[in-house]
Student: 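Just passing along the structure, written as structure tokens.
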Amino acid sequence: MRLLALLFAPLAALAADKPNVIFILADDLGAHDLGCFGSTFYETPNIDRLAKRGTRFTQAYAASPLCSPTRSSILVGQYPARIGITAPVCHINPVFLNKELVKDGPKSRVLVANSISRLKTEYFTLAEALKEAGYSTAHFGKWHLGHNLKPEDRYEPKDQGFDSDFPHTPNAPGPGGGGGYLAPWKFIKDPTITDEVGVNIEDRMSKEAAKYIAAHKDQPFYLNYWAFSVHSPWNARADYIEHFKAKADPKNPQHNALYAAMVKSLDDGVGRLLQAVDDAGIADNTIIVFYSDNGGYAYPPKKTDPEGYADIPATSNLPLRSGKASLYEGGTREPFIFAWPGKAKAGASSDILFQSVDFYPTLLSFVGLKPHDGIKLDGHDQSKALLGGDSPRDRVFCHFPHGNASRDSVMDGFYAGTYVRRGDWKLIRFYARNDDGSDDLELYDLKNDLGERHNLAKDKPELTKELNGLITDFLKDTEAVIPKLNPAATKTAQAPRDPLMTWKNRNCDATVKESILTAKGTGPSPFLGVGAGLTGPAKVTFRLRTATGGDSHVDLIPTSGGKETGVITFPYSAKGGEWQEITVDLPHKGPAAIMRLYLPHAKEAVEIDWVELKPTGAKARRWDF
């Protein structure tokens with residue numbers, strides 16, 4: 001025992017004056033799902049209190065719009081494109097460790113990446129680096145970077161630098177809390193972990209983490225609290241649901257009481273950690289990071305427990321476009337709080353660019369360490385920037401070589417692609433999405449178009465070419481797997497999409513060229529019609545340009561018993577000259593099967609960039625021509 005004490009004494013002395021590190025990672029939490037980030041529905045007093053202790057960062061990004069790739073980027077400081085974990089498949093069997101395209105049959109129009117299914121043991125993780133420097137290390141919560149199938153496997157937290165993990169879930173570490181978050185927990189196989197029926201996993205897990213903090217207050221520690229919340233399955237404490245049900249307002253984009261209850265349980269857990277730090281008297285010497293692994297789930301949550309919430313989008317990331325699994329801003333922009341009393345500015349906010357790959361070099365720098373020689377890092381040391389200085393980062397990349405080949409996916413932007421953001425400009429390259437199999441490019445000015453509604457790729461060809469070149473260089477440097485058109489695809493799979501995207505032209509000619517629909521009247525009252533599928537009030541917004549403008553209207557065709565019952569007209573006016581966004585309220589309370597958009601001019605050409613139909617309290621449908 002004396003010999004062991006002598007052996008470990010140098011490590012203890014080395015770490016004695018180092019700050020503790022607590023890394024809180026929420027799962028699927030959106031950029032505006034916290035009170036301190038603008039939510040007026042969710043209640044997050046504890047996380048808001050953490051924000052008052054430190055600095056909020058409003059332009060922080062995950063390395064991927066899905067969880068496992070971002071988690072790997074945090075632990076090793078590399079982009080998922082380089083690591084090869086590009087999808088949340090680290091719970092599947094067998095183990096797959098090669099970067100390559102899927103070997104798909106003739107039905108798939110686009111070949112996407114076959115993601116690696118484990119974080120390789122060759123990496124020297126953040127936990128291993130801190131442990132080497134004398135830190136005690138512990139992982140609480142979701143891992144989803146691999147589990148062991150054989151005795152010689154080394155993919156679980158204890159194999160990747162953590163002294164302990166809770167709950168230990170070998171052979172059952174699915175994407176979320178399989179079976180639900182309320183005890184008894186089906187996804188936890190440890191027979192010693194038993195709790196009263198109905199206890200939330202965040203309550204139990206945060207209590208264990210608080211015990212760890214108390215037991216290690218006299219020695220530096222690195223604690224991962226990687227919450228299961230607020231990923232599916234969709235269930236929560238009944239009393240919390242009733243609380244939010246009473247205050248839900250359908251006019252608020254965030255109004256799903258079940259999701260709000262899940263957010264509150266997450267906040268409860270964070271509150272216990274903060275209280276444990278305060279009780280231990282170590283707040284001034286403890287770095288606390290709060291982050292999310294990808295964007296909020298801005299879609300109807302399907303099956304819920306209890307029932308009644310499946311048709312209400314779980315959350316809203318507005319004004320950001322889309323959410324989880326999307327390459328638009330809602331998919332990768334995250335809430336980021338950095339707290340270190342006496343070091344980080346309290347109650348401040350910052351708009352520096354930050355990305356999850358930056359945590360590895362930044363946290364090492366804060367504790368006085370440098371990465372090992374020979375380790376390839378994509379992250380920047382942002383230690384000065386997090387304390388109020390300038391950031392060395394002027395661009396972020398995201399490579400997501402997966403997704404649905406349809407432009408009409410429920411998850412807007414869930415398509416194989418890569419983006420670069422440099423300054424306020426963001427270019428997205430969607431692979432093989434054009435009818436001829438070429439890549440589709442979308443350019444957005446985030447300073448003036450945060451919702452990514454106006455694709456300026458055609459208007460700024462030189463900038464588009466320059467940013468696309470940055471994407472090409474990034475893909476080459478990271479040796480990324482790049483999706484491509486499937487040469488074996490059947491004629492059916494390769495068939496070009498309907499250029500009008502199910503819209504029908506009546507008394508007008510309509511063509512689509514370079515993503516713009518141009519309609520010109522050939523008879524009286526020309527219009528474009530589409531199936532509306534409405535069950536109540538909605539609003540339609542469209543981007544339109546015409547030379548001289550004019551007054552026009554949108555018609556709804558109500559239905560009863562499957563039969564048309566008449567026409568209801570809603571007027572609008574269009575100005576001549578420049579592009580304009582026009583919104584028309586459709587306050588009809590009953591079902592409507594068809595919507596008709598009448599042109600503002602009977603004979604003059606009218607250009608339409610896109611149309612979006614937003615039912616009250618439901619996900620919008622969008623047609624990008």
Student: Show the nearest heavy-atom pair for residues Ala63 and Ser73, with the distance to one decimal.
Tutor: CB-OG, 3.6 Å

Student: Find out whether Asp195 and Lys207 are in side-chain contact, i.e. whether some heavy atom of one side chain is under 4.5 Å from a heavy atom of the other.
Tutor: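 Of all side-chain heavy-atom pairs linking Lys207 with Asp195, none is under 4.5 Å.
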
Student: Okay, side chain of Ser136, backbone of Phe221: is any donor-acceptor separation there less than 3.5 Å?
Tutor: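 Looks like no, no N/O pair under 3.5 Å.
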
Student: What residues, two or more places apart in sequence or in another chain, satisfy salt bridge (Lys or Arg N to Asp or Glu O under 4.0 Å) together with Lys426?
Tutor: Glu329, Glu452

Student: Return the minimal non-hydrogen interatomic distance between Pro167 and Gly141, and the atom names on each side.
Tutor: CD-N, 4.1 Å

Student: Apply the test side chain to side chain contact (heavy atoms under 4.5 Å, CB included) to residues Lys217 and Asn20: give CA-CA distance (whole Å), side-chain angles for both, the deciding distance (0.1 Å), then the verdict.
Tutor: CA-CA 9 Å; Lys217 64 181 181 179; Asn20 308 303; over 6 Å; no

Student: Asp394: which residues meet the salt bridge (Lys or Arg N to Asp or Glu O under 4.0 Å) condition with it, sequence neighbours left out?
Tutor: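 Salt bridge (Lys or Arg N to Asp or Glu O under 4.0 Å) check on Asp394 returns nothing, list empty.
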
Student: Any non-hydrogen side-chain atom of Met205 less than 4.5 Å from a side-chain atom of Lys142?
Tutor: no

Student: How close do Pro371 and Tyr360 get, counting heavy atoms only, and between which atoms?
Tutor: CB-CE2, 4.3 Å

Student: If the plane angle is over 60° it's perpendicular, under 30° parallel, otherwise tilted; pick one for Tyr444 and Tyr328.
Tutor: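 Taking Tyr328 first and then Tyr444, their aromatic rings stand perpendicular (interplane angle over 60°).
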
Student: What pairs with Asp311 under salt bridge (Lys or Arg N to Asp or Glu O under 4.0 Å), at least two apart in sequence or on another chain?
Tutor: none

Student: To the nearest 0.5 Å, what is the distance between CG (Asp163) and OG1 (Thr137)?
Tutor: 3.5 Å

Student: Check whether any side-chain heavy atom of Ile22 sits under 4.5 Å from a side-chain heavy atom of Ile213, and report yes or no.
Tutor: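 Contact flag for Ile22/Ile213 side chains = yes.
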
Student: Ring-plane angle category for Trp143 and His139, please: parallel below 30°, perpendicular beyond 60°, tilted otherwise.
Tutor: perpendicular

Student: Test: ring pair (Phe, Tyr, Trp, His ring centres under 6.0 Å). Region: residues 253-284. Which pairs qualify, not counting sequence neighbours?
Tutor: Tyr42-Tyr259

Student: Nearest 0.5 Å, please: how far is CG in Leu266 from OH in Tyr181?
Tutor: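 These two atoms lie 10.5 Å from each other.
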
Student: Determine the sole option in His380, Arg393, Arg82 for which the side chain to side chain contact (heavy atoms under 4.5 Å, CB included) test with Val357 is passed.
Tutor: Arg393

Student: Working to the nearest 0.5 Å, report the span between CG of Asn46 and CG of Leu34.
Tutor: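 These two atoms lie 11.5 Å from each other.
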
Student: Would you say that more than 12 heavy atoms from the other residues, nucleotides or ligands in this model lie under 6.0 Å from the NZ of Lys245, or not?
Tutor: no

Student: Are Asp165 and Lys158 packed together at the side-chain level, in the sense that at least one heavy-atom pair is separated by less than 4.5 angstrom?
Tutor: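 In contact.
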
Student: Can you see whether Thr418 engages His399 through a side-chain donor-acceptor pair at a distance of less than 3.5 angstrom?
Tutor: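 Present: a donor and an acceptor within the cut-off.
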
Student: Would you call Arg453-Glu581 a salt bridge at under 4.0 Å N-O?
Tutor: no

Student: List the steps, then state whether salt bridge (Lys or Arg N to Asp or Glu O under 4.0 Å) holds for Arg53 with Asp278.
Tutor: CA-CA 12 Å; Arg53 291 187 181 187; Asp278 291 346; 2.5 Å; yes

Student: So that I know where these two stand, are Phe244 and Tyr309 an aromatic pair - ring centroids less than 6.0 Å apart?
Tutor: no

Student: Mark yes when over 12 heavy atoms from residues, nucleotides or ligands other than Asp239 sit less than 6.0 Å from its CG; otherwise mark no.
Tutor: yes

Student: Lys324 pairs by salt bridge (Lys or Arg N to Asp or Glu O under 4.0 Å) with which of Asp28, Asp412, Asp27?
Tutor: Asp28

Student: Taking salt bridge (Lys or Arg N to Asp or Glu O under 4.0 Å) as the test, write out the residues that go with Lys211, two or more places apart.
Tutor: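 Applying salt bridge (Lys or Arg N to Asp or Glu O under 4.0 Å) to Lys211 gives Glu208.
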
Student: Going by heavy atoms in the side chains, are Phe57 and Leu386 under 4.5 Å from each other?
Tutor: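 Touching, per the 4.5 Å side-chain cut-off.
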
Student: Which distance, rounded to the nearest 0.5 Å, do you find between the OG of Ser356 and the CG of Leu25?
Tutor: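 Ser356 OG to Leu25 CG: 9.0 Å, rounded to 0.5 Å.
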
Student: Taking all atoms of both residues into account, what is the closest heavy-atom pair of Tyr291 and Ala60, and its distance?
Tutor: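 The answer is OH-CB, 3.5 Å.
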
Student: Side-chain contact, heavy-atom cut-off 4.5 Å: Asp305 with Pro233?
Tutor: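 No, every pair of side-chain atoms sits at 4.5 Å or beyond.
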
Student: Nearest 0.5 Å, please: how far is CD in Gln355 from CD in Glu334?
Tutor: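 Spacing of CD (Glu334) from CD (Gln355) equals 10.0 Å.
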
Student: Under a 3.5 Å threshold, yes or no: a donor from one side chain and an acceptor from the other, between Glu43 and Tyr240?
Tutor: no

Student: For the residue pair Ala339 and Leu50, what are the closest heavy atoms and their distance?
Tutor: CB-CD1, 3.6 Å

Student: Without hydrogens or angle criteria, can the side chains of Glu128 and Tyr123 be said to hold a donor-acceptor pair below 3.5 Å?
Tutor: no

Student: Suppose we screen for ring-ring contact (aromatic ring centres under 6.0 Å, His included). Which residues come up paired with Phe290, at least two apart in sequence or across chains?
Tutor: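 Phe290: no ring-ring contact (aromatic ring centres under 6.0 Å, His included) contacts found.
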
Student: Between Ser229 and Glu202, is any side-chain donor less than 3.5 angstrom from a side-chain acceptor?
Tutor: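 There is such a pair (donor and acceptor under 3.5 Å, judged by atom type) between the side chains of Ser229 and Glu202.
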
Student: Please find the pair of heavy atoms, one from Ile352 and one from Ala385, that lie closest to each other, and give the distance.
Tutor: CD1-CB, 3.6 Å

Student: Is it true that a side-chain atom of Asn285 and a backbone atom of Ile282 form a donor plus acceptor pair closer than 3.5 Å?
Tutor: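 Between the backbone of Ile282 and the side chain of Asn285 there is no qualifying donor-acceptor contact (under 3.5 Å).
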
Student: Are side-chain N/O atoms of Thr332 and Tyr419 paired as donor and acceptor at under 3.5 Å?
Tutor: yes

Student: Does a side-chain heavy-atom distance below 4.5 Å link Tyr299 with Ser322?
Tutor: yes

Student: Pairing donors with acceptors under 3.5 angstrom, does anything connect the side chains of Asp267 and Thr44?
Tutor: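 Thr44 and Asp267 do not have a side-chain donor-acceptor pair below 3.5 Å.
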
Student: Might you confirm whether atom NZ of Lys247 has over 12 heavy atoms from other residues, nucleotides or ligands at distances under 6.0 Å?
Tutor: yes

Student: Within a strict 4.5 Å, meaning less than it, do heavy atoms of the Asp249 and Phe41 side chains meet?
Tutor: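 No, side chains not in contact.
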
Student: Pairing donors with acceptors under 3.5 angstrom, does anything connect the side chains of Asn224 and Tyr222?
Tutor: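 Note: Asn224 and Tyr222 side chains meet the donor-acceptor criterion.
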
Student: Would you please indicate yes or no on a ring centroid separation below 6.0 angstrom for Phe359 and Phe23?
Tutor: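 Aromatic pair counts; centres sit under 6.0 Å.
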
Student: Run the ring-centre check on Phe228 versus Trp185 and record whether the distance is less than 6.0 Å.
Tutor: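 That pair fails the under 6.0 Å test.
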
Student: Side chains of Gln254 and Asp33: any donor to acceptor distance under 3.5 Å?
Tutor: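 Short answer, yes.
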
